[in-house]
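Whatever order the structure lists them in is the order used to number ligands and atoms, beginning at 1. Because only heavy atoms are used, hydrogens play no part in the values below, and waters and symmetry mates are left out as well, while side chains stay in.
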Amino acid sequence: MTIFNLHNNIAVITGGTHGLGMAMAEGLAQAGAELVITGTTPDKMDAALKEYHDKGYKATGYLFDVTNEIEAEKFVQKILATHGKIDILVNNAGIIKREIALTMPVLDFRKVIDVDLVGPFIMSQLVVKNMIERKEGKIINICSMMSELGRNSVSAYAAAKGGLKMLTRNLATEWAPYNIQVNGIGPGYFATSQTEPIRVDGHPFNEFIINRTPAARWGNPSDLAGAAVFLASKASDFVNGQIIYVDGGILATIGKPSNE
Ligand code: GCO
């Protein structure tokens, strides 16, 4: 199926050194894309690049903070100078701080909004200029169940991910005339380092998620690769401002009592 073919595509994945970012990057590489990975931790970057290269993928890494627009501009220019163009941008880098709203320090709230919402805006604004010149491009924002649902202790994250859903729709509105598709992926509950604290055997939240998810399991990061390739490829050339929820059915159901 050529419409999913990403050969000669340059794909930038922020936070692509581990977890969901790495799984989506591998999906794009398997479809033929050349990877440009961003991160902030040197040893994580080295380990990730080794893993990509050992699997035969073309991958280059850049260490910078997506919330620092000066630094980000410098690196986006460097990526364009080195790779000639950017076809695909996956805004995946994100953090979470689980603190109840009543006592959450404003500084923590601002930090989560900065990384999870302002970061994707900064990177999209910088990268889209090259896409507008070439009249084509794909931007994929990694949203969350919290783009739709609230939950105790994640108010900053929910505010950011809710905002990211609407940023996706607004950028899609403004950039569709340039043949640029801006969409999102909303992962459900996935087995990653981010969910480790709440995914411990016997932890009530672990049981709750398995019971609340019709698929009755946590997602595997590789479960996201298909949606990423679809939204990065010609297969989605008339898909704009959509969020694909890859959640094992969580958003489709009210859930069921534990005795069912
Ligand atoms: C949490 C989780 C979630 C998931 C994911 C769900 O504390 O509720 O960490 O935020 O990571 O975003 O879609």
Side-chain angles (χ1 to χ4, degrees), residues 13-25 27 39-40 44 66-67 90-105 108-121 140-169 183-228 231 242-255:
I13 300 97
T14 68
T17 58
H18 62 288
L20 303 183
M22 180 171 245
M24 290 183 282
T40 54
K44 267 195 191 159
V66 294
T67 69
V90 181
N91 285 312
N92 164 75
I95 61 170
I96 192 165
K97 291 182 184 292
R98 298 187 182 94
E99 301 166 75
I100 57 165
L102 191 59
T103 54
M104 182 179 205
D108 286 1
F109 189 95
R110 281 207 174 106
K111 182 65 185 168
V112 173
I113 298 291
D114 212 24
V115 177
D116 296 4
L117 182 56
V118 182
F121 175 72
I140 305 170
N141 294 325
I142 305 310
C143 297
S144 162
M145 292 293 96
M146 275 70 221
S147 298
E148 303 287 345
L149 303 173
R151 129 168 154 78
N152 288 347
S153 80
V154 293
S155 56
Y157 186 80
K161 294 297 186 178
L164 189 56
K165 174 181 76 177
M166 288 314 301
L167 177 65
T168 300
R169 292 190 174 149
N183 292 290
I185 294 174
Y189 279 84
F190 276 67
T192 63
S193 55
Q194 193 233 57
T195 58
E196 225 157 66
I198 56 175
R199 189 166 34 86
V200 183
D201 273 349
H203 187 295
F205 196 79
N206 182 35
E207 314 306 320
F208 166 72
I209 285 299
I210 291 169
N211 192 53
R212 177 76 179 73
T213 307
R217 67 172 174 88
W218 289 74
N220 303 317
S222 58
D223 288 328
L224 286 183
L231 291 177
Q242 299 302 312
I243 314 294
I244 300 181
Y245 288 103
V246 182
D247 66 354
I250 288 181
L251 291 179
T253 179
I254 190 175

### Query
Just wondering, do Tyr245 and Met145 contact through their side chains at under 4.5 Å, heavy atoms?
yes
What protein heavy atom sits nearest [atom], and how far off is it?
atom	value
atom 3 (C) of ligand 1	Tyr189 CE2, 3.6 Å
atom 11 (O) of ligand 1	Gln194 OE1, 2.5 Å
atom 6 (C) of ligand 1	Gly188 O, 3.3 Å
atom 10 (O) of ligand 1	Tyr157 CE2, 3.0 Å
atom 7 (O) of ligand 1	Arg98 NE, 2.7 Å

### Query
Out of Ile96, Ile95, Val154, which one pairs with Val112 under the side chain to side chain contact (heavy atoms under 4.5 Å, CB included) rule?
Ile95
[X] contact mode with ligand 1 (heavy-atom cut-off under 4.0 Å):
X	answer
Ile198	side chain
Thr192	neither
Ser153	neither
Phe190	neither

Using a strict 4.0 Å cut-off to heavy atoms of [X], name the atoms of ligand 1 that fall inside it.
X	result
Arg151	1 (C), 7 (O), 8 (O)
Met145	6 (C), 13 (O)
Thr195	9 (O), 11 (O)
Ser144	5 (C), 6 (C), 12 (O), 13 (O)

### Message
Taking the cut-offs as 6.0 angstrom to the six-membered ring centre and 45 degrees off its axis, would you call Arg151 and Phe205 a cation-pi pair?
### Response
yes
#### Entry: Closest approach of Leu164 to Thr168 (non-hydrogen atoms, all atoms of both residues)
O-OG1, 2.7 Å
### Message
Please find the pair of heavy atoms, one from Ile13 and one from Gly21, that lie closest to each other, and give the distance.
### Response
CG2-O, 3.7 Å
### Query
Does CZ in Arg110 sit with more than 12 non-hydrogen atoms of other residues, nucleotides or ligands closer than 6.0 Å?
no
### Query
Say you draw a straight line from CG of Leu20 to CG of Leu224; how long is it, rounded to the nearest 0.5 Å?
5.5 Å
### Message
Here's a test for you: under side chain to side chain donor-acceptor pair (under 3.5 Å), which of Thr192, Asn206, Asp223, Thr213 qualifies with Trp218?
### Response
Asn206
### Query
Stepwise, does the side chain to side chain contact (heavy atoms under 4.5 Å, CB included) test hold for Ile142 with Met24?
CA-CA 10 Å; Ile142 305 310; Met24 290 183 282; 3.6 Å; yes
### Any N or O of Pro187 closer than 3.5 Å to N or O of ligand 1
yes
